[in-house]
Q: 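Here it is: the structure, laid out below.
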Amino acid sequence: MTSPRLPQPDRPWLMRTYAGHSTAKASNELYRGNLAKGQTGLSVAFDLPTQTGYDPDDTLARGEVGKVGVPVSHIGDMRTLMDGIPLETMNTSMTINAVAAWMLSMYIVAAEEQDADTPPEEVQRRLQGTTQNDIIKEFLARGTYAFPPGPSMRLIADMIAYTVEHVPKWNPINICSYHLQEAGATPVQEIAYAMSNAIAVLDAARERVDPSQMTKVFARISFFVNAGVRFIEEHAKLRAMSELWEQIGRERYGVTDEKALRFRYGVQVNSLGLTEAQPENNVQRIVLEALAVTLGRNARARALQLPAWNEALGLPRAWDQQWALRIQQILAFETDMLEYPDIFEGSVVMEGLVQELAEGARAEMQVVEEHGGAVQAVDYMKSALVESHRERIARIERGEQIVVGINKYTETEPSPLTAANDGGIMTVDHAVEQQAKDALAQWRAGRDQEAVDAALTRLAEVAASDENIMPASIAAARVGVTTGEWAKTLRSAFGEFRAPTGVGEAASTTDRSEAVEQVQAEVERVSEALGRRIKILVGKPGLDGHSNGAEQIAVRARDVGMDVVYEGIRLTPEQIAHSAEQEGVHVIGLSILSGSHLELIPAVIEELRAKGVDAPVIVGGIIPEADAAPLHEAGVAGVYTPKDFDISVIMADIVRIVAQANGVLDEADVPAPTGGTIDTGATA
């Protein structure tokens, strides 16, 4: 009888935790601690100024330094970040996109410095890892872009061409369907848009490399995918992606090497489904989602990082990350999943799901192609994602999509996980920002400025030419150029860009529930009492590019009858205040998920008051409960967090806040607020 088991158990996947905060030194200590606990690869989280190409002393970096990742401003920071970590044997993933070429350049220089006795070209050949680098999904879902689409694709193609020749074990890009799902993508959309993005990248690379290298290029394209709690369907999605990827390789690029055709992907499982309410439920969600990418051998992830249970509350602590790592280790070493061939092979259910998803994805890929390909179809894909997310939220509001602890089984005991003084999360010291500014000034004072100026001049020349950007970037890293200086030089050469919001193109809601109709009636009553229609400004101050929540607020406000002003992400407090003044809005809604709310929200209010704008301000985002009081003291009328999932309730609260602030509350007959944390004094 043939054994159902493998002759030898498979090796486990690469285990990572997504980490980085405060300073390079603090993050290095965290990395080394995680490696000591059995983590087998690094996953670097950079702060938003670093991701978008700004130094800590830039105006746009205000409040964001060290909050959602580590600031890396120059080669000195990269040395500190990787101190004591053998880069020639480590497998490092860097979540970096617009400035990926720059971060890889500094990583290369740091590795060469670690092993000064080995020729630099040999050090580069040994490096293993991945730069995220999927700029199209930044335009669609995450917002950390810096340059227009054309130059951005050129930078990606340059990195691919350089690494294939000089850093052959490096993945120069992973196509990120992860963030598409976070923005509301259905499984079909996630597959289709990811594959379309990959085609755009490969087509761009084909123009920068010798045709004989395309098999090597195809083999180095990896993916970073999402896995939600519907883990059977999610596993089928991965098998469908594998099937489509092989088809694209064979038919479009002429790849025949079986190894090169493999669908190679890493994973962070779903964060969209993590809840602030009953956060302990997130642990079982994470475990089930991890099964989707580990259970079936033929579609098993190459690398996995799991979110912590408390990521809907704030920044995880080292202990929380350890818990997430232990989930992986228990799956790999205590269960028997690595001992068997593919357990889904021959499954009628799985085969049917795979074909259903693959056929749907092919049809949607054709729509993208009809728009001219992924780069030209950004507007179409963005509006489709906003619409899908709107439908998802409406299903949760109606109770059609059950989320335990949110719209069903909401009765709960107080969670001991959040009972400690820290609220169950880590908070970055506000002093980190000034320390980073001081350290940057010291760095600039101690470097060879002539060498820096020469390197930046050379970088500008290369940017204006057809040369590969990587050699000039590596040279700039060696002499101490900063992240902001590198990006500023390229912004001067390439220009800047604002991605579409998708709000205007999203369909009007077809949900005519009693709650929506009630809010519509309230908007009409208050608008009549005001003498004109309620007007709301939705703003994203700072560098936080996660705009999904802001977009849904803007769409719903439009659908219940308000006039909406929404200009997208990355606005300064001054810009928001100027728009509020020019547009004559009745209320301002601000969204921040990066932890910079205590710095940026008061700054916006200060600018508003300086311009004589006295419209009430409401705030939404990942905001710890303890921070509501200081926000109210700063003048915020209402605070909303992920537990406030019912947007119709938020809309009703906004209408009442506007009515009260304008003295028409009695006339309008608006019910009392039922969501968020409301400061009635701020609306008086």
Side-chain angles (χ1 to χ4, degrees), residues 53 94 96-105 107-108 124 127 129-140 144-176 193-224 245 248-249 252-255 260 264 368-369 372-378 458-476 486-487 489-491 493-495 497 499:
M94 293 190 278
I96 199 73
N97 296 280
V99 300
W102 177 241
M103 288 300 135
L104 179 57
S105 296
Y107 189 87
I108 287 170
Q124 291 190 35
L127 298 181
T130 304
T131 32
Q132 190 172 106
N133 209 15
D134 180 358
I135 206 66
I136 298 176
K137 73 92 178 47
E138 294 299 318
F139 299 146
L140 293 174
T144 63
Y145 52 81
F147 315 115
S152 296
M153 295 299 287
R154 177 256 176 107
L155 290 176
I156 293 170
D158 279 358
M159 282 185 66
I160 292 172
Y162 184 87
T163 54
V164 164
E165 182 177 354
H166 300 284
V167 200
K169 295 181 180 180
W170 195 269
N171 301 319
I173 185 170
N174 57 15
I175 306 298
C176 286
Y193 297 165
M195 292 296 157
S196 297
N197 288 1
I199 288 170
V201 167
L202 285 164
D203 286 352
R206 188 157 50 181
E207 298 177 3
R208 307 289 283 181
V209 302
D210 186 276
S212 64
Q213 297 292 304
M214 279 307 293
T215 292
K216 291 182 179 179
V217 168
F218 193 87
R220 297 320 304 177
I221 305 296
S222 64
F223 287 75
F224 185 62
W245 186 238
I248 289 168
R252 190 177 181 106
Y253 301 104
V255 179
R264 301 161 56 250
V368 173
E369 189 66 26
V375 176
Q376 289 75 24
V378 163
R458 175 60 183 149
L459 182 67
E461 291 171 352
V462 172
S465 74
D466 197 41
E467 291 184 57
N468 192 300
I469 205 75
M470 287 300 297
S473 295
I474 293 170
W486 182 89
T489 299
L490 296 192
R491 282 188 171 99
F494 299 151
F497 179 71

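Throughout, residue positions are numbered sequentially from 1 according to the sequence presented. Bear in mind that the values here come from a model prediction, so they are computed numbers and not experimental data.
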Q: Could you report the tightest heavy-atom contact between P172 and N133, atom names first, then the distance?
A: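 The pair with the smallest heavy-atom distance is O-ND2, 3.0 Å.
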
Q: Please report the shortest heavy-atom distance between L155 and A98, naming the atom on each side.
A: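 That closest heavy-atom pairing would be CD1-O, 4.3 Å.
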
Q: Can you find a pair of side-chain heavy atoms, one from I135 and one from E138, that are under 4.5 Å apart?
A: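 They are in side-chain contact.
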
Q: Could you check whether any side-chain N or O of R208 sits under 3.5 Å from a backbone N or O of R154, counting only pairs where one atom can act as donor and the other as acceptor?
A: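 It does not hold such a pair.
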
Q: Nearest 0.5 angstrom please: Y107 OH to L127 CG, how far?
A: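 Taking OH in Y107 and CG in L127, the distance rounds to 6.0 Å.
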
Q: Rounded to the nearest 0.5 Å, what's the gap from OG1 on T130 to CH2 on W170? Could you check?
A: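 With rounding to 0.5 Å, OG1 (T130) is 6.5 Å from CH2 (W170).
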
Q: State, to 0.1 Å, how close Q132 and N97 come at their nearest heavy-atom pair, and which atoms those are.
A: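 Where Q132 meets N97 most closely, the heavy atoms are OE1-ND2, 3.1 Å.
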
Q: Determine which pairs satisfy side-chain hydrogen bond (donor to acceptor under 3.5 Å, both in side chains) with at least one residue from residues 213-223, sequence neighbours left out, and list them in order.
A: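 For residues 213-223, and leaving out neighbouring residues, the side-chain hydrogen bond (donor to acceptor under 3.5 Å, both in side chains) pairs sorted by first residue read N171-R220.
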
Q: What pair of heavy atoms forms the shortest contact from A487 to F147, and how long is it?
A: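 Closest heavy-atom pair between A487 and F147: O-CE2, 3.7 Å.
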
Q: Keeping N468 on the side-chain end and D158 on the backbone end, is there a donor-acceptor pair under 3.5 Å?
A: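 Checked: pair present.
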
Q: side-chain contact (heavy atoms from CB on, under 4.5 Å) between V209 and M214: does it pass, once the steps are laid out?
A: CA-CA 7 Å; V209 302; M214 279 307 293; 3.8 Å; yes

Q: For V378 and L140, what are the C-alpha separation, side-chain angles and deciding distance, and is it a side-chain contact (heavy atoms from CB on, under 4.5 Å)?
A: CA-CA 7 Å; V378 163; L140 293 174; 4.0 Å; yes

Q: Distance from I108 atom CD1 to I474 atom CD1, nearest 0.5 Å?
A: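 Reported value, rounded in 0.5 Å steps: 4.0 Å.
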
Q: Which heavy-atom pair separates A146 from R491 by the least distance, and what is that distance?
A: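 For A146 versus R491, the nearest heavy atoms are CB-NH2, 3.5 Å.
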
Q: Report the distance from atom CE of M153 to atom CD of E207, rounding to the nearest 0.5 Å.
A: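 Reported to 0.5 Å precision, the distance equals 9.5 Å.
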
Q: Pairs in or reaching into residues 160-169: which pass side-chain hydrogen bond (donor to acceptor under 3.5 Å, both in side chains), with residues at least two apart or in two chains?
A: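 Qualifying pairs, neighbours excluded: Q124-Y162.
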
Q: When you measure from the side chain of Y193 to the backbone N and O of A374, does any donor-acceptor pair fall under 3.5 Å?
A: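 Looks like no, no N/O pair under 3.5 Å.
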
Q: Contact between M103 and T131 at the side-chain level, heavy atoms closer than 4.5 Å - yes or no?
A: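 In short, these two side chains do not touch, never coming nearer than 4.5 Å.
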
Q: Rounded at 0.5 Å granularity, tell me how far CD1 in I469 sits from OG in S105.
A: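 Those atoms lie 9.0 Å apart.
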
Q: Could you tell me whether the side chain of I199 reaches within less than 4.5 Å of the side chain of Y253, counting heavy atoms only?
A: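 Y253 reaches I199 side chain to side chain.
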
Q: Side chain to side chain donor-acceptor pair (under 3.5 Å) with N197: which residues, sequence neighbours excluded?
A: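 Expected list: none.
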
Q: Say you draw a straight line from CD1 of I156 to CD1 of I160; how long is it, rounded to the nearest 0.5 Å?
A: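 So the gap between those two atoms works out to 7.0 Å.
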
Q: Less than 4.5 Å apart, any side-chain heavy atom of S152 and any of F139?
A: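 Yes, close enough: below the 4.5 Å cut-off.
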
Q: Are any of the side-chain heavy atoms of W245 and I221 separated by less than 4.5 Å?
A: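 Of all side-chain heavy-atom pairs linking I221 with W245, at least one is under 4.5 Å.
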
Q: Measure the shortest side-chain to side-chain distance between D203 and R252 over non-hydrogen atoms and say whether it is less than 4.5 angstrom.
A: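 Sidechains of R252 and D203: in contact.
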
Q: Show the nearest heavy-atom pair for residues F494 and P151, with the distance to one decimal.
A: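 In this case the closest contact between F494 and P151 is CG-CB, 3.4 Å.
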
Q: Would you say S465's side chain and E467's backbone share a donor-acceptor pair under 3.5 angstrom?
A: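 Between the backbone of E467 and the side chain of S465 there is a qualifying donor-acceptor contact (under 3.5 Å).
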
